[in-house]
Amino acid sequence: MSTDGSGNSLDGDSEDRLRVTPPKTWATGAPAVVHALQYALGRTDPRRTALTLLNINQADGFDCPGCAWPEPAPGRRSRNEYCENGAKHISDEATSRRVTADFFREHSVADLARRSDRWLNQQGRLTAPMVKRPGATHYTPIGWDEALGLLAAELRGLDSPDEALFYTSGRLNNEAAFLLQLFARAYGTNNLPDCSNLCHESSGAALMETLGIGKGSVSLDDIHHSDLVLVVGQNPGTNHPRMLTALEETKRNGGKVIAVNTLPEAGLIRFKHPQKPRGVVGRGTAIADTFLQIRAGGDLALFKALNLLLIEAEEARPGTVVDRGFIGAYSAGYEDFARQARKITWDDIHEATGLSREQIEDVADTVLSSRSVIVCWAMGLTQHKHAVPTIREVVNFLLLRGNIGRPGAGVCPVRGHSNVQGDRSMGVWEKMPQSFLDALEREFGFTPPTHHGLDSVDGIRAMRDGAAKVFVGVAGNFVRATPDSDVTEAAMRRCRMTAHLSTTLNRSHTVCGDTALILPTLGRSDRDVQASGEQFVTVEDSMSEVHASRGRLAPASAQLLSEVAIISRLARRTLLDQPAIPWEEFEADYGTVRDRIARVVPGFADFNARVAAPGGFTLPNPVNQKIFPTPSGKAVFTCNDFEMPEVPAGHLLLQTLRSHDQWNTVPYAMNDRYRGIHHGRRVVLVNPADLDALGIADRSLVDLVGVWRDGTERRAERFRTVAYPTTRGSAAAYYPETNVLVPLDSVADISNTPTSKAVLIRLEPVAEPS
Ligand SMILES: Nc1nc2c(c(=O)[nH]1)N[C@H]1C(S)=C(S)[C@@H](COP(=O)(O)OP(=O)(O)OC[C@H]3O[C@@H](n4cnc5c(=O)[nH]c(N)nc54)[C@H](O)[C@@H]3O)O[C@H]1N2
Ligand SMILES: Nc1nc2c(c(=O)[nH]1)N[C@H]1C(S)=C(S)[C@@H](COP(=O)(O)OP(=O)(O)OC[C@H]3O[C@@H](n4cnc5c(=O)[nH]c(N)nc54)[C@H](O)[C@@H]3O)O[C@H]1N2
Ligand SMILES: [Mo]
């Protein structure tokens with residue numbers, strides 16, 4: 001049995017001041033701007049606030065380190081091209097608060113480990129490299145040379161390079177990501193776990209198999225001009241607010257939007273544009289024409305049902321529904337798929353989705369009257385056991401009517417971190433294809449290892465079992481992002497060395513190997529000057545647009561190094577027998593890194609010249625020329641067996657999700673405004689009828705007890721129930737507090753992504769404090 005180790009005890013975060021108001025029915029608008037400015041001004045002074053906010057997402061400014069939603073073309077950008085959450089996010093980086101050596105003298109590692117995620121983050125920017133030596137209770141200052149020397153010595157001393165793990169989060173820019181994977185492979189391992197493993201890996205796996213490329217195929221323009229956009233398992237009002245601007249345009253152009261979600265999320269209902277007069281004073285735009293409130297994990301059945309209806313409509317009116325021309329010329333597997341599609345029963349569909357046949361037939365009718373269809377999705381699809389088959393079924397749905405590779409149509413996995421897609425393009429993946437490894441070999445003259453590396457879940461298992469001994473985290477917060485918190489923390493503590501390149505303090509710094517290093521780095525908004533002058537970095541957004549990002553702010557401390565510099569210096573100290581890679585040149589001039597990227601990574605030819613254009617360039621997506629780089633050269637229809645989560649009586653299926661006031665593992669405040677939750681995060685949202693059936697009152701104190709097939713139980717203590725209009729049987733609570741409940745072995749088939757949206761729990765009442 002386990003509990004959430006994040007403490008929450010010393011700083012008042014656990015105080016039960018919870019207030020609940022009815023969920024909101026619209027998102028953004030004027031209050032969002034007020035909230036953003038309040039937060040920004042609380043973190044830094046007005047001048048720095050203005051400098052920061054005016055440079056976000058401008059062609060000559062820096063990329064918002066928030067989400068990966070693309071910006072409109074430079075001429076069409078708003079002067080304020082950011083959202084409330086991006087603004088909060090960037091103010092967090094631009095904060096005037098500093099974590100100094102004195103701070104670490106005052107707070108032992110044990111003390112820090114008792115603090116909440118929010119408190120740790122609020123201490124401000126890290127300013128100097130720190131070390132926790134074996135047996136020590138505190139971090140103490142260390143010089144860069146000694147710090148990187150210690151890490152290099154540890155890496156050189158391992159029996160095998162595969163005993164090291166190099167984790168990254170999608171915060172990392174392209175140049176640093178390319179150098180990180182180059183370093184890891186030249187050192188001898190493909191152990192490059194990343195946050196994608198926890199995020200859109202299921203999308204990548206499904207799209208790679210069916211379309212031959214693991215990325216989305218649509219542009220902003222496609223969204224604007226689509227007849228129908230389905231938004232499935234995604235909460236754009238909170239997590240991709242600028243997407244609402246795009247959906248508003250879809251609506252204004254006469255397109256329709258259908259939302260499929262377990263929760264009636266505010267942003268899906270109505271949107272008020274914060275930067276347009278009609279958004280500030282008007283009623284805003286209704287977003288979803290139809291809202292399907294589906295059971296958790298029911299989307300595979302929903303798309304199978306839609307596909308069945310389309311096939312039946314084709315039989316009734318041959319030649320009018322299914323795009324025979326497209327299917328014949330560009331796809332394989334249609335006959336098998338169509339045969340299997342008929343096997344599902346409406347009883348099963350109803351059981352899995354909770355939706356009526358009429359509701360689904362209505363959607364099918366809308367699909368039939370739409371010439372172009374896009375499906376957007378995020379974690380509500382990817383973090384389920386059957387996530388990959390679900391997304392493959394989405395592809396079947398689009399292929400059926402030729403909705404791939406033409407304007408206004410296609411697949412749109414909406415990425416999370418601002419450069420998570422770019423990191424993959426750069427080779428941060430534990431199983432890059434041989435063609436990429438060959439290109440590295442040609443360019444740098446060493447032979448990269450060919451056996452696959454460890455992903456995030458397998459990396460934890462390796463540390464737990466003593467097979468991995470050095471953990472290097474480049475951005476991110478590994479112990480809070482990953483499942484089974486207690487298992488993961490124990491695994492990290494077994495390491496000989498843990499090292500983190502970070503901008504701000506987080507819990508991963510408090511879960512130390514024998515030796516632990518904090519290596520503080522420049523953020524996206526900081527000015528980056530190297531030997532050859534001022535540098536910029538590049539990123540790739542969710543729609544494959546690559547552009548420059550130039551920091552403008554004075555760095556938080558003179559001691560900060562850029563990620564490129566830290567990785568280059570570490571590589572020089574580690575790879576003593578490989579002098580051929582010019583790490584010093586890379587550090588001095590990032591343009592020389594881009595020259596190498598241009599020769600190694602497909603689509604990046606002439607990188608330096610093309611990225612100099614305002615707004616950058618778009619990577620080619622062969623799918624849009626109806627070229628499918630699968631083994632058969634065709635888009636592939638797949639047969640996906642019906643599957644749904646099993647929930648025994650007395651249990652609920654818990655999804656772990658984001659509040660409006662957090663960025664992944666970092667809560668900024670204790671509120672979730674759109675859902676009406678204020679001053680508290682330890683809440684579990686449950687359908688009132690489920691509460692009744694369980695005999696548990698609204699606002700009761702309960703433990704969430706995770707139940708796993710091997711009989712083990714996991715416990716997250718002291719949550720308040722909140723009666724909420726979620727689908728029956730599906731509860732919701734915030735991550736990362738609930739990660740303790742997600743068993744390490746509970747992963748999606750094929751992608752190995754933790755099933756963060758499907759955790760079997762029961763509620764155990766706890767005596768109220770008297
Ligand atoms: N402000 C802010 N922005 C962010 C982030 C952040 O933390 N804060 N994180 C970034 C990252 S890394 C990512 S990956 C994205 C995440 O973006 P989202 O995927 O939108 O994030 P989640 O909060 O996990 O929300 C999942 C959504 O899926 C729904 N859902 C859950 N289960 C199911 C299901 O079985 N079926 C259906 N149809 N729906 C379901 C939930 O109700 C919820 O609306 O956001 C990015 N942007
Ligand atoms: N239960 C549950 N677990 C989940 C999810 C879920 O929905 N439910 N979602 C998963 C998803 S989609 C994702 S993407 C992961 C997120 O996992 P991560 O990406 O690992 O987590 P973040 O919270 O985004 O990382 C925040 C930290 O990044 C560091 N940082 C910020 N900016 C920079 C920078 O510019 N450079 C460097 N070097 N460091 C920086 C800061 O120190 C900060 O503390 O979590 C996953 N975990
Ligand atoms: Mo993510």
Side-chain angles (χ1 to χ4, degrees), residues 62-63 65 93 99 125-131 141-155 166-169 171-187 192 419 422-423 426-428 444 472-476 499-504 517-539 548-576 578-597 608:
F62 54 83
D63 183 62
E93 188 173 292
V99 175
R125 288 289 296 273
L126 295 161
T127 53
M130 305 295 297
V131 62
I142 184 172
W144 277 108
D145 281 347
E146 191 191 348
L148 296 175
L150 277 180
L151 180 50
E154 203 66 65
L155 289 171
F166 299 93
Y167 173 74
T168 56
S169 131
R171 311 290 310 237
L172 206 59
N173 56 67
N174 284 333
E175 289 74 7
F178 183 79
L179 293 187
L180 179 75
Q181 63 81 33
L182 174 64
F183 166 53
R185 294 190 165 110
Y187 168 67
L192 289 156
N419 196 40
D423 289 350
M426 293 300 114
V428 170
F444 294 103
V472 182
V474 185
H500 300 276
L501 278 71
S502 316
T503 49
T504 47
L517 292 169
I518 296 177
L519 307 171
T521 178
L522 296 176
R524 203 63 72 67
S525 53
D526 296 326
R527 193 180 312 124
D528 183 353
V529 182
Q530 303 293 344
S532 71
E534 196 163 314
Q535 307 295 313
F536 65 87
V537 294
T538 62
V539 292
S549 173
R550 216 180 288 271
R552 297 282 185 207
L553 299 180
S557 138
Q559 286 199 64
L560 300 187
L561 291 182
S562 73
E563 286 140 338
V564 165
I566 299 172
I567 295 163
S568 299
R569 291 182 192 192
L570 175 63
R572 258 161 59 206
R573 283 172 178 77
T574 310
L575 306 174
L576 301 174
Q578 297 200 33
I581 305 177
W583 298 104
E584 268 173 281
E585 188 183 309
F586 291 158
E587 179 180 341
D589 178 0
Y590 301 177
T592 64
V593 183
R594 285 186 288 273
D595 286 338
R596 303 305 186 109
I597 294 171
N608 271 309

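The basis for the numbers below is simple: all heavy atoms, side chains too, and nothing from hydrogens, waters or symmetry mates.
Annotation: ring pair (Phe, Tyr, Trp, His ring centres under 6.0 Å) contacts of Phe166 (sequence neighbours excluded): Phe183. Take Arg125 and apply the salt bridge (charged side-chain N to carboxylate O under 4.0 Å, His left out) test, not counting sequence neighbours, and it matches Asp526. Listed by chain and residue number, Phe62, Ile90, Glu93, Leu553 satisfy the side-chain contact (heavy atoms from CB on, under 4.5 Å) test with Ser525 (two or more places apart in sequence, or in another chain). Under the side chain to side chain donor-acceptor pair (under 3.5 Å) criterion, Thr503 pairs with no residue, sequence neighbours left out. Residues passing the salt bridge (charged side-chain N to carboxylate O under 4.0 Å, His left out) test with Glu146 are Arg133, sequence neighbours excluded. Ala128 meets the side-chain contact (heavy atoms from CB on, under 4.5 Å) test with Gln559; sequence neighbours excluded. In this structure, Arg550 has no salt bridge (charged side-chain N to carboxylate O under 4.0 Å, His left out) partners at least two apart in sequence or on a different chain. Checked against side-chain contact (heavy atoms from CB on, under 4.5 Å), Gln535 has the following partners two or more places apart in sequence or in another chain: Asp528, Gln530, Ser532, Asp589, Tyr590. For Arg572, there are no side chain to side chain donor-acceptor pair (under 3.5 Å) partners at least two apart in sequence or on another chain. Asp423 meets the side chain to side chain donor-acceptor pair (under 3.5 Å) test with Asn419; sequence neighbours excluded. Looking at residues two or more places apart in sequence or on another chain, you find a side-chain contact (heavy atoms from CB on, under 4.5 Å) between Asn608 and Arg594, Asp595.
A donor and an acceptor atom, one from each side chain of Glu175 and Thr538, are located under 3.5 Å apart.
Taking CG of Leu570 as the start and CG of Leu155 as the end, the distance is 6.0 Å to the nearest 0.5 Å. How far CD1 of Ile581 is from CG of Leu182: 4.5 Å, rounded to the nearest 0.5 Å. Interatomic distance, Ile142 CD1 to Ile518 CD1, rounded to the nearest 0.5 Å: 11.5 Å. With rounding to the nearest 0.5 Å, the separation of OG in Ser562 from CD in Glu587 is 6.5 Å. How far CG of Leu179 is from CZ of Phe586: 6.0 Å, rounded to the nearest 0.5 Å. Rounded to the nearest 0.5 angstrom, Glu563 CD and Arg524 CZ are separated by 8.5 Å.
Looking at every heavy atom in both residues, Trp583 comes nearest to Ala571 through CE2-CB, 3.3 Å. Across every non-hydrogen atom of Leu151 and Ala499, the tightest pair is CD2-CB, 3.9 Å. Listed here is the closest heavy atom pair of Ile567 and Ala176: CD1-O, 3.6 Å.
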*Under the side chain to side chain contact (heavy atoms under 4.5 Å, CB included) criterion, do Leu561 and Arg569 qualify, and how do the steps go?*
CA-CA 10 Å; Leu561 291 182; Arg569 291 182 192 192; 3.6 Å; yes
*When you look at Arg185 and Leu192, which way does the side chain to side chain contact (heavy atoms under 4.5 Å, CB included) test go after all the steps?*
CA-CA 9 Å; Arg185 294 190 165 110; Leu192 289 156; 3.6 Å; yes
_Determine whether Leu519 and Leu148 satisfy the following criterion, side chain to side chain contact (heavy atoms under 4.5 Å, CB included), listing intermediate values before the conclusion._
CA-CA 9 Å; Leu519 307 171; Leu148 296 175; 4.2 Å; yes
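Arg573 has a carboxylate O that lies under 4.0 Å from a charged side-chain N of Asp145, or vice versa, which qualifies the two as a salt bridge.
For residues 530-539, no pair satisfies salt bridge (Lys or Arg N to Asp or Glu O under 4.0 Å), with sequence neighbours left out.
The closest donor-acceptor contact from the side chain of Thr127 to the backbone of Val99 lies under 3.5 Å.
Contact of the Ser502 side chain with the Pro520 side chain is not registered, since no non-hydrogen atoms from C-beta on lie closer than 4.5 Å.
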